[in-house]
Peer 1: 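After the structure tokens below, expect a handful of questions from me.
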There are 2 protein chains.
Amino acid sequence: MNPARRIRDEIAAAIRSGEWRPGDRVPTEQELAARHGCARATVSKALGELAAAGLVERRRKAGTFVAHPPVHSAVMAVPDLAELIAARGEVYRWSLKAMRIETDGVAQCPPPALRVEGMHFAAGEAFALETRFIALDEVPDAANADFRAEAPGTWLLGHIPWTEARHVIRAVTPTRIEAAQLGVATRAACLELDRTTWRAGRVVTHVRQLFRGDRFDLVAEFNAGT
Amino acid sequence: MNPARRIRDEIAAAIRSGEWRPGDRVPTEQELAARHGCARATVSKALGELAAAGLVERRRKAGTFVAHPPVHSAVMAVPDLAELIAARGEVYRWSLKAMRIETDGVAQCPPPALRVEGMHFAAGEAFALETRFIALDEVPDAANADFRAEAPGTWLLGHIPWTEARHVIRAVTPTRIEAAQLGVATRAACLELDRTTWRAGRVVTHVRQLFRGDRFDLVAEFNAGT
DNA sequence: TGTATCATTATGTCTAGACATAATATGAGG
DNA sequence: CCTCATATTATGTCTAGACATAATGATACA
């Protein structure tokens, strides 16, 4: 095994097992290098990776210390609905309901914006109601896309690489109309996911997805390191 | 500025701006080294960081390529409730409702498990209802902790370092009893957060938190790199 | 006693070179 | 034209050494 990897995994194991507790001092690079019979740069690389993963904290002169665990973050799977439903082994379908161009600024998306409304179906049943705004200045091609054939989210995936996004998740009771469209009882709980997507500091698209509470869970995992 | 950082940021900017598109070939390390007047190891480090951040993909012999954006993940803030509420400038309070030892396996938590039920308050009003199981074999000290004075989540933070966790988030309608406890109308939408926490492959604690839908949003962000 | 200065120390970064590894490209033989 | 072996190439990893940087602790001075 690589020395760098070995050192890294050894320290990571000691931290995760609780043998080294938060705040504990990690041996100096010199010491680790001598103990493992390798160059200091190799140890430094291993410690650098651990620091990047958040397991240790390095301070000049002071040394390297086991970091305090960050309980506040987890990686959430934000699925492309077509993929998600296909992964469940159900048939996916998208149905466009309405589309028009908004010339006023709406919902954090600067005008002119293309407003697209539609429904995602899984196995023939309504799954999620979507209302989306696409900034036409950022994605002019969107005006020519056929959103009857393809959901705008799926289309955008292939047309705007490398964006940043912010999601807000909340539980809501749908309006009477939304409940009817989703085929759930009025006041049944639904999960609302609002996603705003940016590129180079400018909003590209904003979408609100309303999920049937009984058919959708979000999952998030936190694994120290990796 | 550091050469390594400069190279890294330059390439990251080119990718994020869309100048280099997914699948594009990044210049070879030799080329970048020559262009920036530095050693190949320096370029290699920069590319390594970009690869770790997921912006590029490196393949032996083939070269380095702009990666395809992963739309499926975002970092979610999973707050410690005491901190979250304090950050809002509201007064936090915890109230223990019930506590007993379960000798049967319940809710993914192996017996013997300490079952703790209580309520989190913000500014005097009910905020979240919590049902927690703590594996006593993993955290024997929990039997002696005073969960009337301190919420078990807060207590655990100081007693079990470096765990892994899995969260499931869903929208639910509370039972009549839960609604009454939370002080919301029956059938008002609530956000349910289930968290299972592991250490060294064994479940440490499992908690179900039921939030008032009108007082709590979850936020998740995705930023390419960093 | 309090403060400024300086040497020490551990990390941070870099270099030039070396060898390993794996995937591609090339060419020989069928 | 296809297939297999070989050479090439770009990344992966490592070394030994160097200098930079920042924080600590000791020392000298006011």
Side-chain angles (χ1 to χ4, degrees), chain A residues 1-15 20-70 162 224-226, chain B residues 1-15 19-70 224-226:
Chain A
M1 172 98 71
N2 289 335
R5 198 176 301 249
R6 204 185 57 231
I7 297 170
R8 193 191 62 190
D9 293 348
E10 197 179 300
I11 296 176
I15 293 174
W20 293 2
R21 301 184 62 85
D24 281 3
R25 191 201 186 101
V26 173
T28 69
E29 297 186 352
Q30 303 249 13
E31 220 171 306
L32 289 169
R35 189 186 305 173
H36 290 87
C38 66
R40 188 174 74 89
T42 306
V43 173
S44 188
K45 198 194 170 194
L47 290 178
E49 287 172 20
L50 289 170
L55 266 102
V56 303
E57 193 186 340
R58 307 173 83 184
R59 290 203 300 276
R60 279 200 163 112
K61 156 68 185 173
T64 302
F65 300 85
V66 178
H68 291 270
W162 285 113
T226 54
Chain B
M1 172 96 74
N2 288 337
R5 198 176 299 251
R6 204 184 58 231
I7 297 170
R8 193 192 60 189
D9 293 348
E10 197 178 301
I11 295 176
I15 293 174
E19 185 187 340
W20 292 2
R21 300 184 61 85
D24 282 4
R25 191 202 186 99
V26 172
T28 69
E29 297 186 353
Q30 303 249 12
E31 219 171 308
L32 289 169
R35 189 186 304 173
H36 290 87
C38 66
R40 187 174 74 89
T42 306
V43 173
S44 187
K45 198 195 170 192
L47 291 177
E49 287 173 19
L50 289 169
L55 265 97
V56 303
E57 193 186 341
R58 309 172 81 183
R59 291 204 298 276
R60 281 201 161 109
K61 155 69 186 175
T64 302
F65 300 85
V66 178
H68 289 85
T226 52

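Chain letters run A, B, ... following the sequence lines, proteins first, then strands; residues in each count from 1.
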Peer 1: Which residues pass the side-chain contact (heavy atoms from CB on, under 4.5 Å) test with R60(A), sequence neighbours left out?
Peer 2: none

Peer 1: For I11(A), run the side chain to side chain contact (heavy atoms under 4.5 Å, CB included) check against L55(A), V66(A), V43(A), L47(A) and tell me which one passes.
Peer 2: L47(A)

Peer 1: My understanding is that only residues two or more places apart in sequence, or in another chain, count here; which of them pass side-chain hydrogen bond (donor to acceptor under 3.5 Å, both in side chains) with E49(A)?
Peer 2: R8(A)

Peer 1: Could you give the CZ-to-C1' distance, from F65(A) to dT24(D), as a whole number of Å?
Peer 2: 11 Å

Peer 1: Is there a donor in the side chain of S44(A) and an acceptor in the side chain of R58(A), or the other way round, less than 3.5 Å apart?
Peer 2: yes

Peer 1: R40(B) pairs by side chain to side chain donor-acceptor pair (under 3.5 Å) with which of Q30(B), E31(B), E29(B)?
Peer 2: E29(B)

Peer 1: Between protein and nucleotides 9-13 of chain C, what N or O pairs are separated by less than 3.5 Å?
Peer 2:
unit_1: dA10(C); atom_1: O4'; unit_2: K61(A); atom_2: O; d: 3.2
unit_1: dT11(C); atom_1: OP2; unit_2: E29(A); atom_2: N; d: 3.0
unit_1: dG12(C); atom_1: OP2; unit_2: R58(A); atom_2: NE; d: 2.6
unit_1: dG12(C); atom_1: OP2; unit_2: R58(A); atom_2: NH1; d: 2.7
unit_1: dG12(C); atom_1: OP2; unit_2: R58(A); atom_2: NH2; d: 2.7
unit_1: dG12(C); atom_1: O4'; unit_2: R60(A); atom_2: NH2; d: 2.8
unit_1: dG12(C); atom_1: O6; unit_2: R40(A); atom_2: NH2; d: 2.8
unit_1: dT13(C); atom_1: OP1; unit_2: R5(B); atom_2: NH2; d: 3.2
unit_1: dT13(C); atom_1: O4; unit_2: R40(A); atom_2: NH2; d: 3.4

